[in-house]
Amino acid sequence: TDMWGLTYRDDERDTEDALGETFDVNAVEAPVSGNFTFPNPPLGIQPKGFVNAHFGPDSSAKSLQFRKGTTTLAFVYEPLTEKDQGGIIVAVDSRASAGEYISSKSVMKILDVGDHMVATMAGGAADCQFWCRTVHKYCNLFELRERSTITVSAASKYFANVLYGYKGQGLSVGSMVAGYDKRGPQIFMVNSEGDRTLLKVCSVGSGSLNAYGILDTYYKPKMTDEEAQKLGRRAIMHATYRDAGSGGVCNLVHITPTKKVRYPGVDVSKLWYEFADEIGRDIAYDPRDE
Amino acid sequence: MSIMSYTGGTVLAMAGDDCVCIASDLRLGEQMNTVAVDQKKVHKISEKVYVGLCGFHSDAKTVLDKIMFRKNLYELRENRSIKPKVLATIISNLAYQHRFGSYFTEPLVAGLDPVSHKPYICAMDTIGNICTPEDFVAIGTGAEYLLGVSESFWRKGMNSEELFEATAQSMLSALERDAASGWGAVVYTITKDKVNIRTIKARMD
């Protein structure tokens, strides 16, 4: 069967092995996922130029602009006391902007990739959602085949290889694959240029520089769980304050050695007012008319 | 990004029964970066006449200086307070003088006639076409979002309290959806005996 843009493998070849038992030869080969064939644009059109002209920031049709603009961050920390669990904190905002239009205030930018890993979404929302789902599918197939959980390193390597295959074609993906495996907590930053970097503290998106400012100042390798969560939320709040492309609610996931915990979203504007209260800042505006 | 949305900003004005309300957001940005959160786009020209200038901040400041200059000369020559309708014509002529090389700013005039206290609101494009609806006008990056909400909130003959509520709520709705405006809003309610200035606590993202 050949559906538009996708080809399915329906050749089921049964073979006999040495003992005379039949088995499906597909089951022996590595799971092939992401066997997509995207239809090519007509002759002469370069995909990247086409994408930029119609869907990029200079496009004249606002409603066609891709949804970008975000702040995502993740960091690894060790427990300070026995009551803490340590692990990875992943914090994101929830705004999707098409140019200056805020197309959504409630996007979930932390996507699951397997039972013990997450991937964050930054850059083009559609690109991230589609390819993270592809990686999740690959991880599921891997775990079924190998009968053991996939490592963060392997999942991020697969992701990076897939993205490298589309390099130069205008994809925009800045994702962090974070999880706990037998090597401990790991965060790999993967992007559409084909980069794959192991980091302890990482932030991606238009508000990432603002988030780095807070993270770099207040990060400590050993923290309590509460301190770590507060740091994640605080960094997101500062980034949403200064960056017009980030906002909404702060979603947070805490990956511990044993489980993934998703926390309910906290409004970033509420976080800002709490922060202003904390430092005793006068938030009243004085118009100063002559 | 276009030059009109480089620094960002939104202004709304509504007319009621013997009162006008003019509201502005407080953000000043450089494309996605927010540089200041205390820059209003509404300026007092005379006791009862206010002007809102959106678009490119640099041109807005320049045009404001030119407006003040022309208004001062007018008041010295005529020896009386300027009417909002006359100020609108002055601004329109100033804008059209730069027809081939315009200032990247859209002016909005809101005020009460100094003698009859009749409300007046109008908005212009960058080359000075005056548009004088009886209900409300909106300019800036969030103008499209304001028009829909204002249409449902505005009624004929509102008093100053109702007008303030309508203006403030419309402004807050627009700021929810416009990334280039926000970080607070200030609302001026102009009636025949006083001008009420209220700052609104808005979303800080």
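Convention: sequence-line order gives letters A, B, ...; per-chain numbering from 1. What's counted below: heavy atoms across the whole structure, side chains too, no hydrogens, waters or symmetry copies. Note that the coordinates shown come from a computational prediction; the quantities given were computed from them, not determined experimentally.
For a residue to count as touching a neighbouring chain, one of its non-hydrogen atoms must lie under 4.5 Å from one of that chain's; by this rule Thr34(B) touches chain A with backbone and side chain alike. For Asp267(A), the part lying under 4.5 angstrom from a heavy atom of chain B is the side chain only. Looking at Ala174(B), there are no atoms closer than 4.5 Å to chain A (heavy atoms on both sides), in backbone or side chain.
Counting non-hydrogen atoms of other residues, nucleotides and ligands closer than 6.0 Å to CG of Asn79(B) gives a total of 12 or fewer. Surrounding CZ of Arg198(B) are more than 12 heavy atoms belonging to other residues, nucleotides or ligands, all under 6.0 Å away. More than 12 heavy atoms of other residues, nucleotides or ligands lie within 6.0 Å of CZ in Phe130(A), so this atom counts as buried by the packing criterion. Within 6.0 Å of atom OH in Tyr219(A), more than 12 heavy atoms from other residues, nucleotides or ligands are found, so the atom counts as buried in its surroundings. Shown here is Lys71(B), whose NZ atom has more than 12 heavy atoms of other residues, nucleotides or ligands within 6.0 Å. Around the CD atom of Glu47(B), the shell of radius 6.0 Å holds no more than 12 heavy atoms that belong to other residues, nucleotides or ligands.
Under a 3.5 Å cut-off, the side chain of Trp272(A) and the backbone N or O of Arg203(B) do not form any donor-acceptor pair. The main-chain N or O of Asp205(B) is found under 3.5 Å from a side-chain atom of Arg95(A) such that the two form a donor-acceptor pair.
Chosen from Asp243(A), Val268(A), Leu271(A), the residue pairing most often with chain B at heavy-atom distances under 4.5 Å is Asp243(A). The candidate from Asp38(B), Ile197(B), Val186(B) with the greatest count of non-hydrogen atom pairs under 4.5 Å with chain A is Asp38(B).
The line from OH of Tyr101(A) to OG1 of Thr141(B) is 14.0 Å long, rounded to the nearest 0.5 Å. Separating the OG atom in Ser104(A) from the CZ atom in Arg177(B) is a distance of 6.5 Å, to the nearest 0.5 Å. One finds the CG atom of Asn210(A) at 7.0 Å from the CG atom of Asn33(B) (value rounded to the nearest 0.5 Å). Between Arg242(A) atom CZ and Met204(B) atom CE the span is 10.5 Å, to the nearest 0.5 Å. Taking OG from Ser246(A) and CE from Met32(B), the interatomic distance works out to 8.0 Å, rounded to the nearest 0.5 Å. With rounding to the nearest 0.5 Å, the separation of CD in Glu100(A) from OH in Tyr145(B) is 7.0 Å.
Looking at heavy atoms from C-beta onward, Val37(B) lies in side-chain contact with Tyr241(A) at the 4.5 angstrom threshold.
Taking both residues in full, the closest heavy atoms of Trp183(B) and Ala244(A) are given as CH2-CA, 4.1 Å, listed atom of the first, atom of the second, then distance. The two residues Ala202(B) and Ser269(A) come nearest to each other via the heavy atoms O-OG, 3.9 Å.
Within residues 224-233 of chain A, no residue approaches chain B closer than 4.5 Å by heavy atoms.
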